[in-house]
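Since the structure is predicted, the reported quantities are computational estimates derived from the model, not experimental observations.
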Amino acid sequence: MTSRFSLIVSQGRVADRTDGALVGARLVGERLAALLGTTPHTVGVPSAARTDDWTTALPEAEETLHGLRDAVRAAIDAGQVPLLATNTCAASLGSLPAAAERYPDAVVLWIDAHGDFHTPGTTESGYLGGMVLAAASGLWDSGHGAGVDPSRVVIVGGRDIDPAEADLLADAGATVLAPAESTPERVLELVDGRPVWIHVDWDVLEPGYIPAAYRVGDGLLPHQIAAIFAALPVEAVKGVELAEFEAGDAEVPERVSLELIIETFQQLLR
């Protein structure tokens with residue numbers, strides 16, 4: 001079948017502090033390619049995980065981030081919907097500014113337990129993945145562009161947000177929905193008929209379904225994410241990012257997690 005999606009798989013290290021997310025992105029990419037009958041565009045070459053500061057991780061990821069940016073631009077310009085299987089949320093440093101160029105009025109649904117809205121002045125961990133959405137919203141300069149209007153950012157399922165980060169989100173006009181508030185009805189109300197760019201970090205879920213490196217309890221369940229996907233008008237969805245599936249988890253078989261990911265994504269195949 002001919003797919004309206006352009007499948008992009010991130011395989012370059014972008015601040016990875018664990019080894020499982022690069023493998024996870026590859027596996028998700030393989031399953032999506034089989035589902036859609038398409039050939040993925042792979043960006044980057046895997047390298048070993050390392051715990052480092054954003055000041056080191058960011059320049060090392062430059063080539064991969066440029067590749068993701070160019071792939072997203074090319075997909076949109078070809079009339080397709082970018083579908084990204086990425087390792088870390090930090091990969092969105094490349095994709096989000098490209099999306100904002102083409103769809104400046106889009107609502108960003110950041111479906112994540114975390115806000116990822118730290119800046120160099122607020123981060124305590126130095127983790128680049130915790131700073132990506134703030135960079136894309138112009139709160140600090142990553143060197144990869146910005147353009148996302150933070151008043152059009154909706155953090156879905158957010159529950160592990162540091163006080164300084166919460167202040168930045170509030171000052172920027174972003175909306176944070178706790179898990180109990182993250183209903184399809186509320187999401188549709190906030191989207192308000194505008195284009196949508198979807199980002200999912202699987203740590204938004206209650207642990208035990210789709211492993212992620214940074215687990216947070218009291219999360220959403222897979223069917224709740226699927227219900228949000230199902231409620232969105234298909235024509236409004238301009239891009240999808242599926243990030244942070246940590247392959248190799250001892251507690252959850254990979255085949256189970258991959259089935260849940262595919263079942264969730266299939267809600268957009270209407």
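- At a cut-off of 3.5 Å, with distance as the only test, a side-chain donor of Glu241 or Trp197 sits close to an acceptor on the other residue.
- The side-chain heavy atoms of Asp162 and Glu124, taken from C-beta on, include no pair separated by under 4.5 Å.
- Atom NE2 of His118 and atom CG of Leu133 lie 12.0 Å apart (nearest 0.5 Å).
- Residues Pro179 and Asp218 share a closest heavy-atom pair of CG-O, 3.5 Å.
- Between the side chain of Glu254 and the backbone N or O of Gly248 there is at least one donor-acceptor pair closer than 3.5 Å.
- Listed for the Ser3 side chain is a donor-acceptor partner under 3.5 Å among the backbone atoms of Phe5.
- To the nearest 0.5 Å, atoms CG (Leu36) and CZ (Arg31) are separated by 11.5 Å.
- No donor-acceptor pair closer than 3.5 Å links the side chain of Arg13 to the backbone N or O of Ala49.
- The CD atom of Glu62 lies 5.5 Å from the NE2 atom of His144; values are rounded to the nearest 0.5 Å.
- Annotation: side chain of Val45 is not in contact with side chain of Glu63 (no heavy-atom distance under 4.5 Å).
- Side chain of Thr123 to backbone of Thr119: no donor-acceptor contact under 3.5 angstrom is found.
- The same ILVMFWY cluster, assembled from side-chain heavy atoms under 4.5 Å apart, contains both Leu205 and Leu242.
- The distance from atom CZ of Arg69 to atom CG of Leu93, rounded to the nearest 0.5 Å, is 12.5 Å.
- With no hydrogens or angles considered, a side-chain donor-acceptor pair links Asn87 and Ser10 at under 3.5 Å.
- One N or O on the side chain of Glu246 and one on the backbone of Gly20 form a donor-acceptor pair closer than 3.5 Å.
- Between Cys89 and Val132, the closest heavy-atom pair is O-CG2, 3.6 Å.
- Using bins of under 30°, 30° to 60° and over 60° for the plane-to-plane angle, the ring pair Tyr214/His114 lands in the perpendicular bin.
- For Glu189, the CD atom sits in a packed shell: over 12 heavy atoms of surrounding residues, nucleotides or ligands are nearer than 6.0 Å.
- Judged purely by atom type and a 3.5 angstrom limit, Asp192 has no side-chain atom pairing as donor or acceptor with the backbone of Leu190.
- Looking at Leu35 and Gln266, their side chains come closer than 4.5 Å, going by heavy atoms from C-beta outward.
- Contact annotation: the side chain of Tyr209 never approaches that of Ser257 to less than 4.5 Å [non-hydrogen atoms, C-beta and beyond].
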Show your reasoning for whether side chain to side chain contact (heavy atoms under 4.5 Å, CB included) applies to Arg4 and Val234.
CA-CA 11 Å; Arg4 70 179 184 277; Val234 169; 2.8 Å; yes
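- In terms of heavy-atom proximity, Gly217 sits nearest to Glu206 at C-OE1, 3.7 Å.
- Transitive grouping of hydrophobic side chains (ILVMFWY, heavy atoms separated by less than 4.5 Å) keeps Ile111 and Val153 in distinct clusters.
- Atoms CG and OG1, from Asp201 and Thr86 in turn, are 8.5 Å apart once rounded to the nearest 0.5 Å.
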Discussion item. For Gln11 and Leu22: C-alpha separation, side-chain torsions, deciding distance, then whether side chain to side chain contact (heavy atoms under 4.5 Å, CB included) applies.
Written reply: CA-CA 6 Å; Gln11 284 296 278; Leu22 276 169; 4.1 Å; yes
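- At least one donor-acceptor pair under 3.5 Å links the side chain of Arg159 to the backbone N or O of Val216.
- Atom CG of Asp167 has more than 12 heavy atoms from other residues, nucleotides or ligands within 6.0 Å.
- Between Thr264 and Pro222, the closest heavy-atom pair is OG1-O, 4.3 Å.
- With hydrogens and angles ignored, the 3.5 Å screen pairs a side-chain donor or acceptor of Thr88 with a backbone N or O of Val14.
- Remark: side-chain polar atoms of Glu165 are paired, donor with acceptor, to backbone N or O of Asp116 under 3.5 angstrom.
- The heavy-atom pair separating Ala247 from Val23 by the smallest distance is CB-CG1, 3.8 Å.
- By the rule that hydrophobic residues join a cluster once side-chain heavy atoms approach within less than 4.5 Å of another member, Val43 and Leu83 end up as members of separate clusters.
- No more than 12 heavy-atom neighbours from other residues, nucleotides or ligands sit within 6.0 angstrom of CZ on Arg255.
- Residues Trp110 and Val237 do not share a hydrophobic cluster, defined by chaining ILVMFWY side chains whose heavy atoms lie under 4.5 Å apart.
- Taking the side chain as every heavy atom from C-beta outward, Val252 and Pro207 never approach each other to under 4.5 Å.
- A heavy-atom distance below 4.5 Å is found between the side chains of Pro82 and Ile76.
- Gln267 places a side-chain N or O within donor-acceptor distance of the main-chain N or O of Glu263, the cut-off being under 3.5 Å.
- For the residue pair Leu220 and Gly157, the shortest heavy atom distance occurs at CD1-CA, 4.2 Å.
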Task: Steps toward side chain to side chain contact (heavy atoms under 4.5 Å, CB included) verdict (Asp77, Arg102) - done: CA-CA 9 Å; Asp77 293 347; Arg102 300 310 198 256; 2.8 Å; yes
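- With a 4.5 Å cut-off on side-chain heavy atoms, Phe117 and Ile161 do not count as touching.
- Side chains of Leu177 and Val187 form a contact here, defined as non-hydrogen atoms less than 4.5 Å apart.
- Here OG of Ser95 is found 8.5 Å from CD1 of Ile8. Values are rounded to the nearest 0.5 Å.
- Both Val200 and Ile210 belong to a common hydrophobic cluster when Ile, Leu, Val, Met, Phe, Trp and Tyr are linked at side-chain heavy-atom distances under 4.5 angstrom.
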Next on the checklist: Determine whether His199 and Leu96 satisfy the following criterion, side chain to side chain contact (heavy atoms under 4.5 Å, CB included), listing intermediate values before the conclusion.
Outcome noted: CA-CA 10 Å; His199 172 95; Leu96 280 181; 5.9 Å; no
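- A salt bridge links Glu30 with Arg26: the distance from a Lys NZ or Arg NE/NH1/NH2 to an Asp or Glu carboxylate oxygen falls below 4.0 Å.
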